[in-house]
2 protein chains.
Amino acid sequence: MDDLDREILSILRRDARTPYTEIADRVGTSEGTVRNRVERLVEDGVIERFTVATRTGNVKAMIEVSVDVNVDTAEVSDRIADWQEVDFVWQVSGEEDIVVVVDAADTDAVNGLITQARELEEVVGTKTRLILNERVG
Amino acid sequence: MDDLDREILSILRRDARTPYTEIADRVGTSEGTVRNRVERLVEDGVIERFTVATRTGNVKAMIEVSVDVNVDTAEVSDRIADWQEVDFVWQVSGEEDIVVVVDAADTDAVNGLITQARELEEVVGTKTRLILNERVG
DNA sequence: TTGAGGATTACGAAATTCGAAATTCGTCTT
DNA sequence: AAGACGAATTTCGAATTTCGTAATCCTCAA
């Protein structure tokens with residue numbers, strides 16, 4: 001992680017679709033170097049993923065899920081991560097086992113997801129918090 | 001915003017570098033349609049920007065914060081959002097009032113953030129969950 | 001039925017990405 | 001100083017993707 005990496009990262013944060021060729025021009029190096037650097041940043045996990053920031057007028061919520069003992073939490077998390085409208089699935093420590101962060105069209109859709117979770121036989125309970133406001137750190 | 005848009009968005013959220021051609025194959029339409037749809041989503045502001053999610057540290061956690069009644073929760077959230085290593089600050093419904101998602105270098109750093117939160121005079125209590133594993137929906 | 005308007009598709013051209021080989025650079029050893 | 005070695009960088013042609021635009025398809029209304 002040197003200054004060149006940081007320069008590249010700061011360009012990608014602003015617009016992740018900036019072509020390698022343009023990044024190379026702007027930071028004064030070659031396309032290949034930018035490509036190698038970005039590949040390494042992804043491998044090292046510094047870049048978690050390329051994504052889109054969306055501004056839906058949607059309802060966000062956290063669904064805290066408790067599963068039965070003897071349940072493969074990771075496997076359940078995998079299945080939930082495939083559902084529509086799910087942003088993140090976290091296995092967590094504490095009272096509950098899984099936290100699902102959802103971004104749904106309306107409260108009905110949130111409700112649908114809660115129902116869907118409660119219908120999983122491994123799930124013994126859920127607690128939902130609506131996210132009333134989000135700030136990005 | 002129909003189902004096709006939502007399908008495209010869900011693919012881009014997972015990997016914003018997925019080529020239009022591949023998205024088209026996966027959702028069963030043509031490259032041009034995907035391109036038009038994405039352009040419109042950007043114009044309409046549904047897609048705010050293409051970006052990279054970076055990971056500075058290794059330990060993620062949720063700190064659930066309870067504040068005193070009569071406290072301006074929004075104002076406290078603002079202040080917390082400025083702290084280093086804070087990913088999100090959510091005002092939520094439920095038992096606690098604020099959830100802080102942090103991404104810190106190590107557990108000591110997480111502990112520092114918890115301490116920092118408890119030292120705010122508006123804060124009456126915190127509950128922390130370590131995020132043991134994250135999946136992206 | 002016909003026409004208008006919007007969305008989708010088709011397709012060649014331009015731009016970008018990719019793979020792999022060649023080159024440069026820094027450092028170590030003799 | 002010369003040589004050797006590995007890592008990083010550069011180069012370049014081929015493959016892939018994006019882009020511009022024109023043609024086509026749909027749907028609705030007159």
Side-chain angles (χ1 to χ4, degrees), chain A residues 1-59 81-88 103-106 108-109 112 136, chain B residues 1-58 103 105-106 134-137:
Chain A
M1 258 297 255
D2 57 9
D3 281 343
L4 184 54
D5 282 337
R6 271 183 280 274
E7 271 190 280
I8 294 171
L9 271 183
S10 108
I11 290 174
L12 288 178
R13 279 210 200 84
R14 199 169 280 107
D15 179 7
R17 292 201 295 186
T18 314
Y20 290 150
T21 46
E22 186 187 325
I23 297 175
D25 281 349
R26 280 163 59 181
V27 306
T29 184
S30 70
E31 177 270 328
T33 295
V34 175
R35 177 151 42 105
N36 293 334
R37 297 289 190 118
V38 171
E39 273 165 12
R40 196 164 50 68
L41 288 170
V42 170
E43 262 178 32
D44 294 352
V46 176
I47 294 179
E48 263 180 285
R49 62 196 172 111
F50 288 75
T51 187
V52 288
T54 54
R55 199 195 60 196
T56 57
N58 283 3
V59 180
D82 282 337
W83 294 354
Q84 290 285 355
E85 300 161 317
V86 169
D87 273 6
F88 301 104
D103 180 358
D106 48 38
D108 276 352
V136 178
Chain B
M1 259 294 256
D2 56 10
D3 281 342
L4 184 54
D5 283 336
R6 270 183 282 273
E7 273 189 277
I8 293 170
L9 271 183
S10 114
I11 290 174
L12 287 177
R13 264 200 287 269
R14 281 187 177 78
D15 180 6
R17 292 201 295 187
T18 313
Y20 290 150
T21 48
E22 186 187 325
I23 298 175
D25 281 349
R26 279 163 60 182
V27 306
T29 184
S30 69
E31 177 271 330
T33 295
V34 175
R35 177 153 42 106
N36 292 335
R37 297 289 190 117
V38 172
E39 273 165 11
R40 196 164 47 69
L41 288 170
V42 171
E43 261 177 34
D44 294 354
V46 175
I47 294 179
E48 258 180 290
R49 64 204 171 108
F50 288 74
T51 186
V52 289
T54 57
R55 187 173 57 193
T56 51
N58 288 322
D103 178 359
D106 48 38
E134 171 177 292
R135 274 144 234 260
V136 177

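Reminder, nothing fancy here: chain letters follow the sequence lines and each chain counts from 1.
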Presence of [X] side-chain N/O under 4.0 Å of [N] phosphate oxygens OP1/OP2:
X	N	answer
A:Thr29	D:dT10	yes
A:Arg37	D:dT9	yes
A:Thr33	D:dT10	yes

Under 3.5 Å: donor-acceptor pair, side chain of [X], backbone of [Y]:
X	Y	value
A:Asp106	A:Asp108	yes
A:Thr51	B:Arg13	yes
A:Asp2	A:Leu4	yes

Provide, to the nearest angstrom, the distance between the [atom1] atom belonging to [X] and the [atom2] atom belonging to [N].
X	N	atom1	atom2	value
A:Ile23	C:dT17	CD1	P	8 Å
B:Arg35	D:dG20	CZ	P	8 Å
B:Glu31	D:dT21	CD	P	15 Å
B:Asp3	C:dA7	CG	P	17 Å
B:Asn36	C:dG5	CG	P	19 Å
A:Phe50	D:dT17	CZ	C1'	16 Å
B:Ile8	C:dA7	CD1	C1'	13 Å
A:Glu43	D:dA8	CD	P	11 Å

With the side chain counted from C-beta on, respond yes when B:Leu9 and B:Asp5 share a heavy-atom pair under 4.5 Å apart, and no when they do not. no

Is the shortest side-chain heavy-atom distance between A:Ser10 and A:Arg6 below 4.5 Å?
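No, every pair of side-chain atoms sits at 4.5 Å or beyond.
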
Do any side-chain atoms of residues 19-29 of chain B form donor-acceptor pairs under 3.5 angstrom with protein atoms, and if so which ones, sequence neighbours left out?
from, atom 1, to, atom 2, distance (Å)
B:Tyr20, OH, A:Arg17, NH1, 3.0
B:Glu22, OE2, B:Arg26, NH1, 3.0

Exercise for review: For A:Arg40, answer base if it contacts any base atom (sugar-phosphate contacts may also be present), sugar-phosphate if it contacts only those atoms, and nothing otherwise; contact means non-hydrogen atoms under 4.0 Å.
Suggested key: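 Contact class for A:Arg40: none.
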
Just to be sure I understand the rule, does A:Arg17 reach a base, reach only the sugar-phosphate, or reach nothing, if contact means heavy atoms closer than 4.0 Å? nothing

Open item on the list: Closest-nucleotide mapping onto DNA chain C: is B:Gly28 or A:Glu39 further toward the 5' terminus? I mean the 5' end.
Closed with: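 Comparing both residues, the 5'-ward one is B:Gly28.
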
Strictly under 3.5 Å: I want the nitrogen or oxygen pairs between protein and nucleotides 13-16 of chain C, one per line.
none

For B:Arg40, look at atom CZ and say whether over 12 heavy atoms of other residues, nucleotides or ligands are found less than 6.0 Å away.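 Buried by this count: over 12 neighbours within 6.0 Å.
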
